[in-house]
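Data first, discussion second: the structure below is written as structure tokens.
In this chain, numbering begins with 1 at the start of the sequence shown. In this text, all values refer to a predicted model and were calculated from it rather than measured experimentally. As the structure lists them, so they are numbered: ligands from 1, and atoms in each ligand from 1.
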Amino acid sequence: MNLSHPSELKALLERHGFSFSKSLGQNFLIDEGVLSKILDAAALDDETCALEIGPGAGTLTRCLAANSKKTLAIEIDRALIPVLGESLAEFSNVNLIHADVMDVDLREVTKDAFGDSPFCVVANLPYYITTPIIMELLESRLPVTTMTVMVQKEVADRMVAAPGTKEYGALSVAVQYYTKPSLVCKAEPHCFMPQPKVASSVVKLEVLPQPAVEVEDEKLFFQIVKSAFGQRRKTLSNALSKSPYFSVGKERVMAALENMELPEGVRGERLSVEEFAELSNLLK
Ligand code: SAM
């Protein structure tokens, strides 16, 4: 069975009377080249455990099962469970959970499947929940080693963006705080069935053993980042002194900026992750 061949995928789906749901972000991968780039980047071996969110018809899941010790797949759509029953029948190292990933206790289900072993995440994510899933996985500090994920191209560009670019924002800082992100490849709409309206990219996030910078108060750090980018057109001192998340006088912000030798009219988008950390430690 090769589900990256459109005719085989179609035949499998037809056998189960399946029809695609737009609202669940169902765009199934049908490009062998992209599939093998995902697998190369994920660098699995028979000691590795893999978590897949949204297995769809099982195209990627079959490759994960064949190349890993154990794979756990979480799929929300009940109509795909019999499809996956057929496509994964030959593998005894796959656990399939029928659930909404946002409602699942990921710590519990990954512990049940993998014990205390670290695991990697490999997925062609449903775009409507890409950022909440990735942030949940990072913030919960589960033993995730890497995430190799297909996301909307713009989201991937934001994850890897450098300070001062138009893509750089709160997501860039958060992802670069927890991980070392890199772009793996682009995937044009014709790589999927049905074709999405937007281009996609595969991004690999290597989770750092410790966050990239030392932050004394993580909550304040992220509140500062959110405030800085929530009001992009404002200077940083205005954005922070009017933050809805905390209260700090403009004078104190100005003093901190001076201490860091930053110009008083500086905007948040100019600050590196290190500078956001330094600023939040000064404002603590
Ligand atoms: N992995 C398959 C592939 O690459 O062909 C399918 C990828 S498709 C972009 C996204 C998949 O995520 C769909 O199977 C969809 O039903 C599933 N999905 C959407 N929302 C979900 C959720 N909240 N929890 C779990 N799965 C979800």
Side-chain angles (χ1 to χ4, degrees), residues 1-13 16 18-39 41-42 44 50-68 71-88 91 94-106 109-110 113 120-137 147-153 155-156 184-203:
M1 189 183 272
N2 185 343
L3 297 176
S4 56
H5 287 176
S7 55
E8 285 201 41
L9 176 61
K10 242 185 203 158
L12 169 70
L13 296 175
H16 296 274
F18 175 79
S19 45
F20 289 96
S21 152
K22 228 184 189 173
S23 64
L24 292 176
Q26 291 177 339
N27 303 100
F28 294 177
L29 192 56
I30 49 164
D31 187 287
E32 210 144 354
V34 173
L35 194 57
S36 71
K37 282 184 186 151
I38 295 176
L39 292 169
L44 304 170
L51 167 66
E52 185 186 13
I53 293 150
T59 313
L60 177 59
T61 328
R62 287 172 53 82
C63 303
L64 299 179
N67 291 287
S68 70
T71 294
L72 170 65
I74 304 175
E75 173 57 58
I76 195 173
D77 190 349
R78 182 182 297 280
L80 285 167
I81 303 305
V83 176
L84 287 160
E86 181 179 342
S87 64
L88 302 176
F91 299 99
V94 182
N95 284 15
L96 175 63
I97 298 180
H98 168 226
D100 180 340
V101 69
M102 301 308 289
D103 292 342
V104 159
D105 182 337
L106 283 172
V109 296
T110 53
C120 57
V121 176
V122 191
N124 171 14
L125 289 173
Y127 293 166
Y128 74 104
I129 43 168
T130 302
T131 308
I133 291 179
I134 291 177
M135 289 317 298
E136 157 84 22
L137 285 163
M147 294 191 211
T148 306
V149 285
M150 173 87 72
V151 299
Q152 211 172 309
K153 181 185 172 296
V155 176
V184 174
C185 66
K186 233 180 119 175
E188 298 296 342
H190 65 76
C191 299
F192 303 89
M193 179 197 290
Q195 296 193 14
K197 289 209 169 67
V198 292
S200 310
S201 289
V202 178
V203 70

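Under a 4.0 Å heavy-atom criterion, Ile74 is in contact with ligand 1. Residue contact check for ligand 1: Met150 places no non-hydrogen atom closer than 4.0 Å to it.
For atom 4 (O) of ligand 1, the closest non-hydrogen atom of the protein is Asn124 ND2, 2.9 Å. When hydrogens are left out, the protein atom nearest atom 26 (N) of ligand 1 is Ile76 N, 3.3 Å; that is the closest non-hydrogen contact. If you check which protein heavy atom lies closest to atom 19 (C) of ligand 1, you get Leu24 O, 3.1 Å. The protein heavy atom nearest to atom 1 (N) of ligand 1 is Gly54 O, 2.8 Å. Looking at atom 20 (N) of ligand 1, its nearest protein heavy atom turns out to be Tyr128 OH, 2.8 Å. Scanning the protein heavy atoms around atom 23 (N) of ligand 1, the nearest turns out to be Asp100 OD1, 2.8 Å. Of the protein's heavy atoms, Pro55 O, 3.3 Å lies nearest to atom 2 (C) of ligand 1.
Among the atoms of Asn27, none of the N or O lies under 3.5 angstrom from an N or O of ligand 1. At a 3.5 angstrom cut-off on N or O pairs, Leu29 counts as close to ligand 1. Residue Glu75 places at least one N or O, backbone or side chain, under 3.5 Å from an N or O of ligand 1. Taking any N or O of Leu125, backbone or side chain, none lies under 3.5 Å from an N or O belonging to ligand 1. The shortest N or O to N or O distance between Ala57 and ligand 1 is not below 3.5 Å. The shortest N or O to N or O distance between Asp77 and ligand 1 is not under 3.5 Å. In terms of N/O distances under 3.5 Å, ligand 1 is not approached by Gly25.
Contacts between Ile129 and ligand 1 below 4.0 angstrom, taking non-hydrogen atoms only, involve the side chain exclusively.
Side-chain contact check for Asn27 versus Gln195: every heavy-atom pair is 4.5 Å or farther apart.
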